[in-house]
Amino acid sequence: MSSVFPDLRPHFPALHQTVNGKPLVYLDNGATSHKPRAVIDALVRYYERDNSNVHRGLHALSMRSTDSFEAARARVAAFIHAQDQAEIVFVRGTTEAVNIVARGLGAQLKPGDVVLTTEMEHHSNLVPWQQVAKATGATLCYVPVLGADGEGGLDLAALDTLLTPQVKVFAFTHISNTLGTINPAAELCRRARAVGALTVIDAAQSIGHEPLDVQALGCDFLAFSGHKMCGPTGIGVLYGRRALLDAMAPDETGGGMVVSVDYQGARWKPSPERFEAGTPHVAGAVGLAAAMDYIDAVGRESIAAHDHELAAYARQRLAEIPGMRILGPTAGQPRAGIVSFALGDAHAHDVVTFADQDGIALRGGHHCNQPLMRKLGLPSTARASFYLYNTREEIDVLAASLLKIQKFFAG
Amino acid sequence: MSSVFPDLRPHFPALHQTVNGKPLVYLDNGATSHKPRAVIDALVRYYERDNSNVHRGLHALSMRSTDSFEAARARVAAFIHAQDQAEIVFVRGTTEAVNIVARGLGAQLKPGDVVLTTEMEHHSNLVPWQQVAKATGATLCYVPVLGADGEGGLDLAALDTLLTPQVKVFAFTHISNTLGTINPAAELCRRARAVGALTVIDAAQSIGHEPLDVQALGCDFLAFSGHKMCGPTGIGVLYGRRALLDAMAPDETGGGMVVSVDYQGARWKPSPERFEAGTPHVAGAVGLAAAMDYIDAVGRESIAAHDHELAAYARQRLAEIPGMRILGPTAGQPRAGIVSFALGDAHAHDVVTFADQDGIALRGGHHCNQPLMRKLGLPSTARASFYLYNTREEIDVLAASLLKIQKFFAG
Amino acid sequence: MSDLTDLYQAVILDHNKRPRNRGRLPTATRVASGDNPTCGDNCTVYLRMEGDRIAEISFDGSGCAISQASASFMTTQVKGRTADEATARFAEFKDIVTTGRQPEDFSEVAAFAGVHAFPARIKCATLSWHAAIDALKQPDQPLQS
Amino acid sequence: MSDLTDLYQAVILDHNKRPRNRGRLPTATRVASGDNPTCGDNCTVYLRMEGDRIAEISFDGSGCAISQASASFMTTQVKGRTADEATARFAEFKDIVTTGRQPEDFSEVAAFAGVHAFPARIKCATLSWHAAIDALKQPDQPLQS
Ligand SMILES: Cc1ncc(COP(=O)(O)O)c(C=O)c1O
Ligand SMILES: Cc1ncc(COP(=O)(O)O)c(C=O)c1O
């Protein structure tokens, strides 16, 4: 079987190029995805036709821009099953979303309070909480990751001890960008809620890859980026339950988020405007909505099945290579389309440079996950990550290239 | 004379449309500008060819993305005559830039210190300083605006009294988005420096309209948005002198801005990465560089002359209309391509809606400048603002439409 | 410009130039304000109730011709009515300015149906109505001076 | 893959597999570290000076084959030289890995010229050299344990 979606590749212009004389095999989707023609066209159409500033304008273009922008917000709300489009705040990406919620909730934290996170967080869902803990005197605790290769996932038994009534916030990733673990997010939210903790989900790796419903998850906040889900750069979303957003102080201030200003002070609009100071990335929001349309036309169930199948196949083919150490969940556990590995003596950067000679785009390094890498005793790994346009043939190309690299470095 | 640049209009796709059956006359450039084909093409090219995540990648596309992104940074540095490309931080826009520098400098402010700004600031260069003053106990003071119609500009004589050694920061706009005043920025910086104050210039309205050289201005920080200067949405710049940026704490934290992270804490990279947590708006930066190329190919001296000439012509034509009150500098003073006015009894929103029926895009409201509007005794004004593609004929269309509106509301 | 001039010409310019029940009502026992942060329009509505009925009503504030005319018109429409009747009247008004349907009875409102062609201005037309409904929900208390 | 395999095959794999002067130098009087935040590579260089001359040198740390080989190679190139000579050597090395020019003398370095074809890796090749130059600038003091 060639691919679950044999017909999608023509939609993605960037896939059709050669790299170092070989057809591009793009396996760096965990870092960012390529964009379908439909998304690029939506951006062009916006700039060619509707382009204008939003909200404060009453002329035709400004109304069209505002309508496109707010329609994009409604599209996002529908995509993640938010109750209300005021729960959708447009931001630059996951990192900014986490910063806003960390600083916002930080206003209510005090010494003795606990912020709980996990050992498998991306720096973007880790350092902001470290900063908030430092600023407020709250304690930051980590749910351990089990297994020498991280194959055991989060230590759910430890949660019983860790989830005390002192825990005010539990921030965790839906899918680990390093291990490919799919965390039991609904269960984690339920257990957090039982002790009165608010939950913040980093959905950077799950959005656009798996069906996602904030009502079913039961989370309080959720953060994601557009660029990893077929969308443009510079746009992302902070979802928050409306009452929580409306109770939170703004982060950045300026034009567009105020009801009134005088030389003494200002009053804030409610969410989402409260968190969107200044001119927003309107084209980005429009492009993100187009990406969501594209993804839902394909179907998120099918994309997830496709990702999972490719990952299973990749794990099988990579395991055939001598000296291969593969991280993350073993067969039978929930696992996403992400496979990190260490290849014998070859350093990850050398592996990536060699693979690049074969036209293969891999990522090598700490994957913004330094503490976990240190715990696993690896300075870095190479990572292949899949998306809807990847094929089994591409994994065969990868396996052949890695075997060659292994021989070179062992020989 | 039809226009200083009769040949530019074909470069801008959005100009060639009808609105309410009339050819679009786009005079809302103070809010945002349209984008030339060259900028739209640069975005498309990026997404079709180089699209990848920056910095941490070693494969071909990632290196190309990183190179494009850093080349854009170098282009910006050259455009404003920064000494070093590490002085260029990519942000969402002016508003975010001001927030970063306000919070960053806020760490050093204490009660008794003064932050000086002016009565003509956009909310985006006002509310962040109010917030910082509130948080630190510093006092916020304002340089007054002179004249019943704001025609006197900043009260430079009052500066002698206001610029005390207690002033730690002087933040002011280069060009007023409401009055069209061009402030003597180099002189303001020089006088601020004489008392040891740092200077922050809001260049949202001057960038891409006037020649701009941070060395000649002598400022410490400068903020601007790409979308008002032919560039994409969602991208802007904070310029800061390198030593100041490297001494400033980061604002947002997360991936890409850390040297190392463990479960206890993190160490920061120097500028500019320190201030660019998370995946940046790479396509936006590339598009901004293309906008700068476009603008410099036309020539900023010529664009400024064109803007100024249109503004003078507009003021002349508008003054012919009975009951017209025009704000801002009178002839002979430095004035930008921005004309705000109040038309007799007609409310600004009614004026804008009527003008829109004639295909004319104006802005009506407080222009994110509520305190100044209140001082001038106006709830709102209508505003026409010009850019390189506008023509004298368009101003004639505007004048005819306004005369009709005046008659309707007076009659 | 014909739709627009029609809209303004009819009721709107009339109510705008000669507003009914404009100004602070000293005998008011309920007050509520609303503003439209998009335009800076604001409107305060003053009520004096007699039982469940609106005995007196006035409005104050600044804004565009549509918001001023609509406020003036609103006062003429709800005066003497019960809270429930006023609320029903607002529902009908909102429906008319949103959809543009021409009402059979409720004749004077027909002019406002033209607002639906200018969606950005619908909020201007409903601002005073929202303030009135808010005021109706408040407890009676003497006006603070 | 031929450029790349040539590059690795020659000096690099050799130095990488059998690194010279690797490990902490207990007699060192100057130490400096550098890291490459992009990859997480790091390198510490230990020096013992005799007058202005590098009497002993070693390196430690982790990284890719290029950084490890370059560190090993660097120690062989600067040992016994003065600070000025070592600095000049670094300037030449940097020029070679950046431009790819094939040096006439300084023969063993020729293999590193291939790095220039992989611009993202130039930093890997120069990491240990930067640390060595840093160490040369420090005052003498006994190694802390
Ligand atoms: C003078 C001035 N400052 C700041 C801003 C805010 O820029 P942005 O909305 O792009 O952040 C604007 C534009 O709206 C402006 O005109
Ligand atoms: C799990 C996870 N969280 C957060 C991020 C940060 O996303 P962004 O860089 O788009 O802000 C990433 C991607 O780099 C990620 O994989």
Side-chain angles (χ1 to χ4, degrees), chain A residues 13-14 19 31-32 34-35 40 43-44 47-49 51-53 56-61 92-93 95-96 99 122-124 127-128 130-131 142 225 227 232-234 252-255 258 260-263 265-266 277-279 281-284 349 352-353 356 361-365 368 370-371, chain B residues 13-14 19 31-32 34-35 40 43-44 47-49 51-53 56-61 92-93 95-96 99 122-124 127-128 130-131 142 225 227 232-234 252-255 258 260-263 265-266 277-279 281-284 349 352-353 356 361-365 368 370-371:
Chain A
V19 161
T32 203
H34 286 303
K35 323 302 175 200
I40 299 174
L43 295 173
V44 171
Y47 285 125
E48 287 191 355
R49 255 191 9 197
N51 174 64
S52 204
N53 210 323
R56 285 169 298 284
L58 295 168
H59 58 79
L61 267 59
R92 181 169 29 246
T95 304
E96 183 169 51
N99 274 273
H122 188 280
H123 294 164
S124 289
V127 186
Q130 290 182 338
Q131 292 293 100
Y142 296 91
S225 307
H227 68 92
T233 59
E252 294 182 355
T253 56
V258 287
S260 73
V261 181
D262 59 27
Y263 290 126
T279 303
H281 183 10
V282 186
H349 293 128
V352 172
T353 296
D356 186 51
L362 297 178
R363 186 131 299 228
C368 291
Q370 286 183 13
Chain B
V19 162
T32 203
H34 286 303
K35 324 303 174 199
I40 300 174
L43 296 173
V44 171
Y47 284 125
E48 287 190 356
R49 256 191 8 197
N51 174 64
S52 204
N53 210 323
R56 287 170 296 284
L58 295 167
H59 59 79
L61 267 59
R92 180 171 28 249
T95 305
E96 182 170 51
N99 274 273
H122 187 282
H123 293 165
S124 290
V127 186
Q130 291 182 338
Q131 293 293 99
Y142 297 90
S225 306
H227 68 94
T233 59
E252 294 183 354
T253 56
V258 287
S260 73
V261 181
D262 59 28
Y263 289 124
T279 303
H281 183 9
V282 186
H349 293 129
V352 172
T353 296
D356 186 50
L362 297 177
R363 185 130 300 225
C368 290
Q370 287 183 12

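In this text the structure is predicted, and so the values were computed from the model without any measurement. Naming: A, B, ... by sequence-line order, numbering from 1 per chain.
- When each of B/Ala266, B/Gly265, B/Ser225 is checked for heavy-atom pairs under 4.5 Å with chain A, B/Gly265 comes out on top.
- For the atom pair CG of A/Asp356 and CG of B/Leu61, the computed distance is 9.0 Å after rounding to the nearest 0.5 Å.
- The two atoms that bring A/Thr233 and B/Tyr47 nearest to each other are N-OH, 3.0 Å, heavy atoms only.
- Of the two parts of A/Val261, the backbone and the side chain both hold a non-hydrogen atom closer than 4.5 Å to a non-hydrogen atom of chain B.
- Using a 4.5 Å cut-off between heavy atoms, A/Ser52 contacts chain B through both its backbone and its side chain.
- B/Gly254 and A/Val127 get closest at one heavy-atom pair: N-CB, 4.2 Å.
- Side-chain contact check for B/Arg363 versus A/His59: some heavy-atom pair is nearer than 4.5 Å.
- Of all the listed residues (B/Pro371, B/Ala14, B/Gly234), the one sharing the greatest number of non-hydrogen pairs under 4.5 Å with chain A is B/Pro371.
- Interface residue A/Tyr263: backbone and side-chain heavy atoms are both found under 4.5 Å from chain B.
- The candidate with the highest count of non-hydrogen atom pairs below 4.5 Å against chain B, out of A/Gly93, A/Gly284, A/Ser260, is A/Ser260.
- With chain B as the partner, the residue from A/Leu43, A/Val44, A/Asn51, A/Val19 showing the most heavy-atom pairs under 4.5 Å is A/Asn51.
- Nearest approach of B/Cys368 to A/Gly255, heavy atoms of both residues: SG-CA, 3.9 Å.
- The CZ atom of B/Arg92 sits 9.5 Å away from the NE2 atom of A/His281 when rounded to the nearest 0.5 Å.
- The structure places CD of B/Gln130 at 8.0 Å from OG1 of A/Thr253, a figure rounded to the nearest 0.5 Å.
- If you measure heavy-atom distances from A/Gln131 to chain B, the contacts under 4.5 Å come from the side chain alone.
- A 4.5 Å side-chain heavy-atom check between A/Val282 and B/His227 finds every atom pair outside the cut-off.
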